[in-house]
Amino acid sequence: MKTNRIIIYEKLGSLLVLGMLFILANLSAYAQDEADSVVEQTAPKPIRDTFESAWLIDNQSVMVPAKGTLEMDIMHRFGTVDKGYDNFFGIYAPSNIRIGMSYAPIRNLNVGFGFSKIQLTWDFNAKYALLQQMESGGWPVSITYFGNIAIDTRSKENFVNESDRLSYFNQIIFARKVTANFSVQVAPSLSHFNALEGYVNEDGQIRSKLKNDHFAIAFGGRYKITPAMAVMLNYDQPITQHYINNPHPNISFGIEVNTSAHAFQVFVTNYYNIIPQLNNLFNQNDLNDGQFLIGFNITRLWSF
């Protein structure tokens, strides 16, 4: 039989083993917490607020709203100023207006629609952030895809086939936040129209005035002059050469004012059509002839 002393020694040994296991378990958990903390501190974080609006004057910016954001856009373009006082420098000329709504159902994705005055055009669009610029040691630029399908809803007398109503736009946006106040982006694009206006040449043959596919590239930048105000600049260069009526490039500049839920942009531009494929293919406003106009964009955000 075991003596009382042996029993006491066995109990003390068991307690000692349990105590050592408890200490080792806590040391392991502490070491794991320290490792997780190091990973959190060293993992690169995405750059925030490369642009503070989904729009950069006439183009989409690289920004995709946060998940659960509902956005409303009101976009207005007055007439060109070249007629002077006769239409009060375009203010009382026929204007173009677009009203749109969009929503971010999941992270990095925004989907929406809009309705424009010109050609009674409905557009349905999607925007997805493919890659995001990191603060340090990560990806150096942000890359976003934007695309839409637009439907010309004028009366059927304007079309031979129903599919002639459709046009498409695809764009890849590359952007970099260079400093805390200065951001730039470049965005090549492809526009496609199912049908375009034709003409009869001197040999009696029907020829299209424009090609169905049109390549272009846009350059833009923004510089914050105060925490709530920035200046913006944008340039759009056509690339595709058409048979006749080649579009003119667009130059625009303006001011942006931001709050937590609003963005207001007012600018001078020579783009009038608002829908990007219409602007890129059909712009005939020539800055050399003073054919520029005043425009503004108003964006309102709600978070759900």
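Below, all heavy atoms of this structure are taken into account, side chains as well, without hydrogens, waters or symmetry copies. Numbers here simply count residues along the sequence, with the first being 1.
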Student: Return yes when atom CH2 of W139 has more than 12 non-hydrogen atoms of other residues, nucleotides or ligands closer than 6.0 Å, and no otherwise.
Tutor: no

Student: Verify whether the ring centers belonging to H214 and H242 lie closer than 6.0 Å.
Tutor: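 H214 vs H242: aromatic centres under 6.0 Å.
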
Student: Are V141 and L131 close enough that some pair of their side-chain heavy atoms sits under 4.5 Å apart?
Tutor: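 Answer no - side chains too far apart.
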
Student: Rounded at 0.5 Å granularity, tell me how far CZ in F174 sits from OG1 in T144.
Tutor: 10.0 Å

Student: Could you go step by step and tell me if N148 and N125 meet the side-chain hydrogen bond (donor to acceptor under 3.5 Å, both in side chains) rule?
Tutor: CA-CA 4 Å; N148 77 22; N125 54 75; over 6 Å; no

Student: To the closest 0.5 Å, what do you measure between CZ (F113) and CD1 (I149)?
Tutor: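 Taking CZ in F113 and CD1 in I149, the distance rounds to 15.5 Å.
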
Student: Can you check whether N245's main-chain N or O pairs, donor with acceptor, with Q284's side chain at less than 3.5 Å?
Tutor: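 The answer is yes, because a donor-acceptor pair under 3.5 Å joins these two groups.
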
Student: For E135 and R48, what are the C-alpha separation, side-chain angles and deciding distance, and is it a salt bridge (charged side-chain N to carboxylate O under 4.0 Å, His left out)?
Tutor: CA-CA 9 Å; E135 289 182 352; R48 298 183 61 186; over 6 Å; no

Student: Do the side chains of P276 and Q171 get nearer than 4.5 Å, heavy atoms only?
Tutor: no

Student: According to side-chain hydrogen bond (donor to acceptor under 3.5 Å, both in side chains), who are the partners of Y235, at least two apart in sequence or on a separate chain?
Tutor: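 Once residues adjacent in sequence are excluded, the partners of Y235 under the side-chain hydrogen bond (donor to acceptor under 3.5 Å, both in side chains) criterion are Q237.
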
Student: Is D152 salt-bridged to R154, cutoff N-O under 4.0 Å?
Tutor: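 Here D152 pairs with R154 in a salt bridge, since their nearest N and O are under 4.0 Å apart.
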
Student: Indicate whether the side chain of S163 and that of N161 have a donor and an acceptor atom separated by less than 3.5 Å.
Tutor: no

Student: Find out whether R222 and F182 are in side-chain contact, i.e. whether some heavy atom of one side chain is under 4.5 Å from a heavy atom of the other.
Tutor: no

Student: Whether the E256 and N258 side chains hold a donor-acceptor pair (N or O, under 3.5 Å, no angle test) is what I'd like checked.
Tutor: yes

Student: Begin from the C-alpha positions of N246 and H248 and carry the test side-chain hydrogen bond (donor to acceptor under 3.5 Å, both in side chains) through to its verdict.
Tutor: CA-CA 7 Å; N246 278 296; H248 288 285; over 6 Å; no

Student: Measure the shortest side-chain to side-chain distance between F169 and S189 over non-hydrogen atoms and say whether it is less than 4.5 angstrom.
Tutor: yes

Student: Answer yes or no: is there a donor N or O on one side and an acceptor on the other, between the side chain of S102 and the main chain of V111, under 3.5 Å?
Tutor: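 Looks like no, no N/O pair under 3.5 Å.
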
Student: When you measure from the side chain of K127 to the backbone of M63, do you find a donor-acceptor pair of N or O atoms at a distance under 3.5 Å?
Tutor: yes

Student: Test side-chain hydrogen bond (donor to acceptor under 3.5 Å, both in side chains) on Y145 and N170; report intermediate values, then the result.
Tutor: CA-CA 8 Å; Y145 165 80; N170 292 278; 2.4 Å; yes

Student: Would you mind reporting whether P238 and T240 have side-chain heavy atoms less than 4.5 Å apart?
Tutor: no

Student: Are side-chain heavy atoms of T50 and S183 found at a separation under 4.5 Å?
Tutor: yes

Student: Between atom NE2 of H262 and atom CE of M72, what is the distance when rounded to the nearest 0.5 Å?
Tutor: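 One gets 10.5 Å once the value is rounded to the nearest 0.5 Å.
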
Student: More than 12 heavy atoms of other residues, nucleotides or ligands under 6.0 Å from NZ of K224: is that the case?
Tutor: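 Yes.
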
Student: May I ask you to decide if the ring planes of F193 and F282 are parallel, tilted or perpendicular, using 30° and 60° as cut-offs?
Tutor: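 Rings of F193 and F282: perpendicular, over 60°.
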
Student: Going hydrophobic residue to hydrophobic residue with side-chain gaps under 4.5 angstrom, can you get from I118 over to F78?
Tutor: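 No, no single cluster joins them.
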
Student: Between E162 and K156, is there a side-chain N and carboxylate O pair less than 4.0 Å apart?
Tutor: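 Here E162 does not pair with K156 in a salt bridge, since their nearest N and O are not under 4.0 Å apart.
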
Student: Quick check: is L301 connected to Y103 through a chain of hydrophobic side chains (ILVMFWY, heavy atoms under 4.5 Å apart)?
Tutor: no

Student: Would you say D236's side chain and S252's backbone share a donor-acceptor pair under 3.5 angstrom?
Tutor: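 Not confirmed, D236 side chain does not pair with S252 backbone.
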
Student: Less than 3.5 Å apart, any donor N or O on the side chain of N59 or N234 sitting next to an acceptor on the other?
Tutor: yes

Student: Under a 3.5 Å distance rule, please check whether N283 uses its side chain to pair with a backbone N or O of N280 as donor and acceptor.
Tutor: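 Side chain of N283 to backbone of N280, a donor-acceptor pair under 3.5 Å: no, none is there.
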
Student: Distance from T299 atom OG1 to M75 atom CE, nearest 0.5 Å?
Tutor: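 Reported value, rounded in 0.5 Å steps: 7.5 Å.
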
Student: What's the separation between atom OG in S53 and atom CZ in F264, rounded to the nearest 0.5 Å?
Tutor: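 So the gap between those two atoms works out to 12.0 Å.
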
Student: Indicate whether any N or O donor in one side chain lies under 3.5 Å from an N or O acceptor in the other, for T269 and N250.
Tutor: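 A pair is found: one side chain offers a donor N or O, the other an acceptor, under 3.5 Å apart.
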
Student: Assess, by modelled atom type and distance only, whether the side chains of R77 and N297 contain a donor and an acceptor separated by less than 3.5 Å.
Tutor: yes

Student: State plainly whether the residues D73 and R300 are in salt-bridge range, i.e. N to O under 4.0 Å.
Tutor: no

Student: Ignoring hydrogens and geometry, is there a side-chain-to-backbone donor-acceptor pair from S142 to Q133 under 3.5 Å?
Tutor: yes

Student: In this structure, would V81 and V268 fall into the same cluster of hydrophobic residues linked by side-chain contacts under 4.5 Å?
Tutor: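 Cluster IDs for V81 and V268 match.
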
Student: What's the spacing between L196 CG and K209 NZ if we round to 0.5 Å?
Tutor: 10.5 Å

Student: Taking D286 for the side chain and N288 for the main chain, is one N or O donor matched with an acceptor at less than 3.5 Å?
Tutor: yes

Student: Answer with yes or no whether the hydrophobic clustering places I91 together with I74; edges join I, L, V, M, F, W, Y residues whose side-chain heavy atoms lie under 4.5 Å apart.
Tutor: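 Yes: a chain of side-chain contacts under 4.5 Å links I91 to I74.
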
Student: Going by distance alone, is a donor N or O of one side chain under 3.5 Å from an acceptor N or O of the other, for Q291 and T80?
Tutor: no

Student: Treating Q265 as the side-chain partner and M232 as the backbone partner, does any N or O pair qualify as donor plus acceptor under 3.5 Å?
Tutor: no

Student: Quick check: does any side chain N or O of D123 sit under 3.5 Å from a backbone N or O of A150, one acting as donor and the other as acceptor?
Tutor: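 Looks like no, no N/O pair under 3.5 Å.
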
Student: Test of understanding: clusters of I, L, V, M, F, W, Y form through side-chain heavy atoms closer than 4.5 Å, transitively. Do I151 and L278 belong to the same one?
Tutor: no

Student: Between F89 and Y85, what is the ring plane arrangement, given parallel below 30°, perpendicular above 60°, and tilted in between?
Tutor: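 Ring orientation of F89 relative to Y85: perpendicular.
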
Student: Within a radius of less than 6.0 Å around CZ of F115, do more than 12 heavy atoms belonging to other residues, nucleotides or ligands occur?
Tutor: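 Atom CZ in F115 is crowded, with more than 12 foreign heavy atoms closer than 6.0 Å.
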
